[in-house]
Engineer: 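Structure in structure tokens, see below.
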Protein chains: 2
Amino acid sequence: MNEGLNERSRQILEAIIEDYIHTGEPVGSRAITRRHDIGLSPASVRNVMADLEELGYLASPHTSAGRIPTEKGYRFYLNCLLQVRELSRQERLWIRQHYQRRGLQMEELLREAGRILSTTSSYTGIVMVPKLESSVFRRMEFISLAPRRIMVVFISQSGMVEHRLIETDMPITEGELQEAANYLNATFSGLGIQDIKQRIVIEMAREKALYDDLLRRAILLSSKVLEDDLGGQVFIEGTANILEQPEFSDINRMKRLLRAFEQKSLLVELLHQTQQVEGVQIFIGSPSEYSEIEGCSLVTASYSSRRGTVGTLGIIGPTRMPYAMVIPLVSYTASLVGSILDNEAE
Amino acid sequence: MNEGLNERSRQILEAIIEDYIHTGEPVGSRAITRRHDIGLSPASVRNVMADLEELGYLASPHTSAGRIPTEKGYRFYLNCLLQVRELSRQERLWIRQHYQRRGLQMEELLREAGRILSTTSSYTGIVMVPKLESSVFRRMEFISLAPRRIMVVFISQSGMVEHRLIETDMPITEGELQEAANYLNATFSGLGIQDIKQRIVIEMAREKALYDDLLRRAILLSSKVLEDDLGGQVFIEGTANILEQPEFSDINRMKRLLRAFEQKSLLVELLHQTQQVEGVQIFIGSPSEYSEIEGCSLVTASYSSRRGTVGTLGIIGPTRMPYAMVIPLVSYTASLVGSILDNEAE
DNA sequence: CGTTAGCACTCCCTTTGCAAGAGTGCTAAC
DNA sequence: GTTAGCACTCTTGCAAAGGGAGTGCTAACG
């Protein structure tokens with residue numbers, strides 16, 4: 001775990017990273033000795049820094065600048081050096097106060113969570129709406145718009161609402177629709193979407209065996225509704241915030257990041273990856289792998305309600321980020337959102 | 001209409017504005033004589049330019065730069081000089097092809113329209129979803145989530161779907177809800193929301209006189225649903241596009257614009273203002289009035305379906321914008337969206 | 001033998017000065 | 001009325017110079 005760094009090296013590495021997080025400037029040996037009490041002269045610190053650079057934890061932008069942490073440096077810092085403090089009671093209270101508006105719909109709640117994450121961190125908040133896949137069916141309604149055009153409204157246990165338009169091959173009357181809905185609601189209510197999909201496949205297989213025409217149609221309808229992935233939307237709040245960071249004074253970097261925000265697919269992918277994992281996840285954008293968010297970190301955590309709905313939220317900011325503040329914020333927000341979802345759905 | 005400018009001044013003003021729109025650089029007298037055939041020497045052009053500057057149509061960034069159009073200059077250009085060509089059949093076809101995906105829900109259609117506006121203009125597309133106020137009621141459904149918690153799904157004639165959560169003072173059973181919905185649907189279907197609101201006020205007034213408890217509740221429910229403004233959302237698509245424009249190499253301007261995009265309220269206000277007007281509207285952001293979008297222009301047009309739903313769409317870009325291309329694009333898009341809405345709602 | 005002071009060196013950043021270029025406004029001639 | 005000529009202004013680019021910050025090395029110190 002300590003990766004062969006002795007106590008002194010670790011201490012100095014930590015000092016450098018924390019100073020760098022604080023100022024954003026490369027940090028030199030003298031600055032360290034001034035700001036931290038390590039009982040060494042700048043020259044000694046320099047020796048250690050040279051070692052750390054050789055080991056790949058630090059880098060220097062040019063010969064006569066100070067050092068900045070590398071990706072590897074950050075990783076080590078996050079794994080071994082950083083101790084995340086818990087939020088104090090006051091801080092918790094302060095965050096909780098932002099969520100006071102009750103009776104929010106799920107979508108609004110999550111958007112709000114993104115906004116709050118963004119403003120309290122002064123970075124960009126990012127919330128992935130739960131995939132319907134991961135939720136529990138409550139009810140669906142069919143509303144006939146035209147003989148062959150049906151609006152389907154779909155509600156999950158946790159209060160997610162999705163609607164979509166489907167077109168049928170044959171006209172269906174309102175009455176038939178109503179019956180179909182009743183049948184489906186009675187059959188599927190309380191089941192996970194995954195299970196329902198499987199059930200549908202089975203039912204479809206013996207479709208011809210169904211003597212009841214209506215049931216057949218109901219099954220067909222529901223399969224149409226569920227065939228596309230619902231949900232999985234991403235809210236990004238506070239885009240402008242992150243651009244205040246000095247690392248984005250480079251206008252091209254800024255544009256690249258904005259494009260990535262607009263695209264969203266990259267973020268969806270990343271968020272989805274961390275979905276399963278318990279606790280706070282930190283993803284550091286490397287120039288090689290995810291160049292769009294080079295220089296950025298994603299701090300995320302999954303939230304979930306008791307009903308099993310699962311989504312991810314977090315913040316995205318420059319890798320040079322006060323993790324000691326951000327990590328508990330994200331973690332607490334995730335649990336808060338989870339419990340609000342539980343309450344709201346009652 | 002010609003505001004006292006003689007033919008020559010107008011010709012030169014047009015030449016300057018068009019050159020400026022094209023290059024983005026202040027344009028000097030020699031450049032004019034080279035690129036346009038006006039049979040005058042640079043010196044003569046200079047005289048005219050000095051006059052135009054005096055009259056407020058042009059300005060010079062500094063003594064020895066060329067001239068750039070002022071706001072007033074642009075206005076005159078738009079009113080008197082610019083002749084908007086119609087789109088060719090091919091161009092229409094080309095745009096139409098982007099809208100091929102059928103069966104889109106209204107929301108998705110409008111978002112898509114924003115995206116298409118953005119990519120074809122290479123500026124930022126902006127679409128205001130119709131205010132529910134302006135639409136015609138089709139149907140609502142109540143879905144009971146908990147004894148006192150009801151999800152209301154609201155559908156307009158043009159296929160807009162809104163849902164919201166309401167809480168009631170007293171528990172209502174599913175059966176009662178169903179009856180209430182039936183009653184409201186029967187009573188209000190086909191009426192404009194405005195009318196319905198009035199009706200509700202009247203009904204509420206004689207609430208006590210209603211012996212039927214259920215009807216009273218139904219009215220109460222519907223008033224709760226309609227009390228907040230629904231709709232009026234704004235989609236902004238292609239933010240990153242506009243930032244490619246050289247006028248936004250100034251990073252602060254860029255940030256200001258992004259903040260305005262995030263805020264949206266300013267845009268909602270502007271779009272709402274132009275809602276009533278027929279045809280393409282152009283709004284030029286002035287440093288005095290709407291400083292957030294200083295240097296930007298909004299080119300908008302209302303779209304409407306036969307059912308009376310009305311929204312606004314358009315693009316936002318730098319004031320230095322090829323209006324001859326953008327205006328017909330916006331205009332055609334508005335009519336296209338209108339007619340798609342008509343078809344989709346059938 | 002680890003630590004430290006001293007010092008030369010490197011590199012960035014800002015300032016300064018200068019020259020080139022573009023465009024104007026004015027005046028005088030056509 | 002139009003145009004050529006010219007002095008003037010202002011920006012832009014470039015190069016040189018100076019200051020500042022920080023390093024790496026070496027030699028001395030405890």
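Proteins get letters first, then strands, A, B, ... in listed order; numbering begins at 1 in each.
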Engineer: Using a strict threshold of under 4.0 Å (side-chain N to carboxylate O), is an ion pair present between B:R115 and A:E262?
Structural biologist: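 Here A:E262 does not pair with B:R115 in a salt bridge, since their nearest N and O are not under 4.0 Å apart.
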
Engineer: Select one nucleotide: of C:dA22, D:dC25, C:dG25, the one nearest the side-chain heavy atoms of B:S64.
Structural biologist: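 Given the options C:dA22, D:dC25, C:dG25, the side chain of B:S64 is closest to C:dA22.
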
Engineer: State the pairing partner of C:dC30; accept Watson-Crick or G-U wobble contacts with both distances under 3.5 Å, and report none otherwise.
Structural biologist: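 C:dC30 is paired with D:dG1.
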
Engineer: Using atom CD of B:E25 as one end and atom P of D:dT11 as the other, report the distance to the nearest whole Å.
Structural biologist: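 The distance from CD of B:E25 to P of D:dT11 comes to 15 Å, rounded to the nearest Å.
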
Engineer: Figure out the CZ/C1' separation between A:R30 and C:dT4, and round it to whole Å.
Structural biologist: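 For the pair A:R30 CZ and C:dT4 C1', the rounded distance is 15 Å.
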
Engineer: If each of B:P61 and B:S41 is mapped to the nucleotide of DNA chain D with the nearest heavy atom, which maps nearer the 5' terminus, i.e. the 5' end?
Structural biologist: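 Final value for this comparison: B:S41.
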
Engineer: Going by an N to O cut-off under 4.0 Å, is there a salt bridge joining A:E71 and A:R75?
Structural biologist: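 Salt bridge between A:E71 and A:R75, a charged N being under 4.0 Å from a carboxylate O: yes.
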
Engineer: Does a donor on one side chain and an acceptor on the other come within less than 3.5 Å for B:Y323 and B:S297?
Structural biologist: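 B:Y323 vs B:S297: donor-acceptor pair found between side chains.
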
Engineer: With DNA chain D as reference, determine whether B:P42 or A:A31 sits nearer its 5' end, using the nearest nucleotide of each.
Structural biologist: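 Nearest nucleotide further toward 5': that of B:P42.
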
Engineer: How close or far is atom C1' of C:dT24 from atom CG of B:L58, stated in whole angstroms?
Structural biologist: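 Distance check: B:L58 CG to C:dT24 C1' gives 14 Å.
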
Engineer: Any side-chain to backbone donor/acceptor pair from B:S331 onto B:I327? Under 3.5 Å, distance only.
Structural biologist: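 No, B:S331 side chain to B:I327 backbone: no donor-acceptor pair under 3.5 Å.
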
Engineer: Considering only side-chain heavy atoms of A:A50, which listed nucleotide, C:dT4, D:dG24, D:dC10, is closest?
Structural biologist: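 Looking only at side-chain atoms, A:A50 lies closest to D:dG24.
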
Engineer: What's the CD1-C1' distance between A:I68 and D:dG22, to the nearest Å?
Structural biologist: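 Distance, rounded to whole Å: 14 Å.
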
Engineer: Give me the one residue out of B:L258, B:L257, B:N252 that meets side-chain contact (heavy atoms from CB on, under 4.5 Å) with B:K255.
Structural biologist: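 Single side-chain contact (heavy atoms from CB on, under 4.5 Å) partner of B:K255 among B:L258, B:L257, B:N252: B:N252.
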
Engineer: Roughly how many Å is it from CD in B:E54 to P in C:dT24, rounded to a whole number?
Structural biologist: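 Going from CD in B:E54 over to P in C:dT24 covers 16 Å.
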
Engineer: Please answer whether the main-chain N or O of A:S60 pairs with a side-chain N or O of A:R67 as donor and acceptor at a distance below 3.5 Å.
Structural biologist: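 Between the backbone of A:S60 and the side chain of A:R67 there is no qualifying donor-acceptor contact (under 3.5 Å).
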
Engineer: Applying the Watson-Crick and G-U wobble criteria at under 3.5 Å, what pairs with C:dT10? Answer none if nothing qualifies.
Structural biologist: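 Answer to the pairing question: D:dA21, which forms a Watson-Crick or G-U pair with C:dT10.
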
Engineer: D:dG22 P sits how many Å from A:E53 CD, rounded?
Structural biologist: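 After rounding, the reported distance stands at 15 Å.
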
Engineer: Please report the distance, rounded to the nearest Å, between CZ in B:R35 and C1' in C:dA22.
Structural biologist: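 Going from CZ in B:R35 over to C1' in C:dA22 covers 13 Å.
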
Engineer: Report the nucleotide, chosen from C:dT4, D:dT23, C:dT10, that has the shortest atom-to-atom distance to any side-chain atom of A:S29.
Structural biologist: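 Of the options given, the side chain of A:S29 lies nearest D:dT23.
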
Engineer: Would you indicate which nucleotide in C:dT24, C:dG25, D:dT3 comes nearest to any side-chain atom of B:N47?
Structural biologist: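 Nearest to the side-chain atoms of B:N47, counting from C-beta on, is D:dT3.
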
Engineer: Counting only side-chain N and O atoms of A:R8, is one of them less than 4.0 Å from OP1 or OP2 of C:dT3?
Structural biologist: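 Yes.
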
Engineer: Quickly work out the A:L52 CG to D:dT23 P distance and round it to whole Å.
Structural biologist: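 A:L52 atom CG is separated from D:dT23 atom P by 12 Å.
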
Engineer: Ignoring the backbone of A:R67, work out which of D:dT23, C:dA5, D:dT3 is nearest its side chain.
Structural biologist: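 Comparing D:dT23, C:dA5, D:dT3 against the side chain of A:R67, the answer is D:dT23.
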
Engineer: What nucleotide among D:dC10, D:dT23, D:dG5 has an atom nearest to a side-chain atom of B:H62?
Structural biologist: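 Of D:dC10, D:dT23, D:dG5, D:dC10 is nearest to the side chain of B:H62.
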
Engineer: Identify which nucleotide among C:dG25, C:dT3, C:dA5 has an atom closest to any side-chain atom of A:A43, counting heavy atoms from C-beta outward.
Structural biologist: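 For A:A43, the side-chain atoms sit closest to C:dA5.
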
Engineer: Is there a donor on the side chain of B:R46 or the base of C:dG25 sitting less than 3.5 Å from an acceptor on the other?
Structural biologist: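 Between C:dG25 and B:R46, which were checked side chain against base, a qualifying N/O pair under 3.5 Å is present.
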
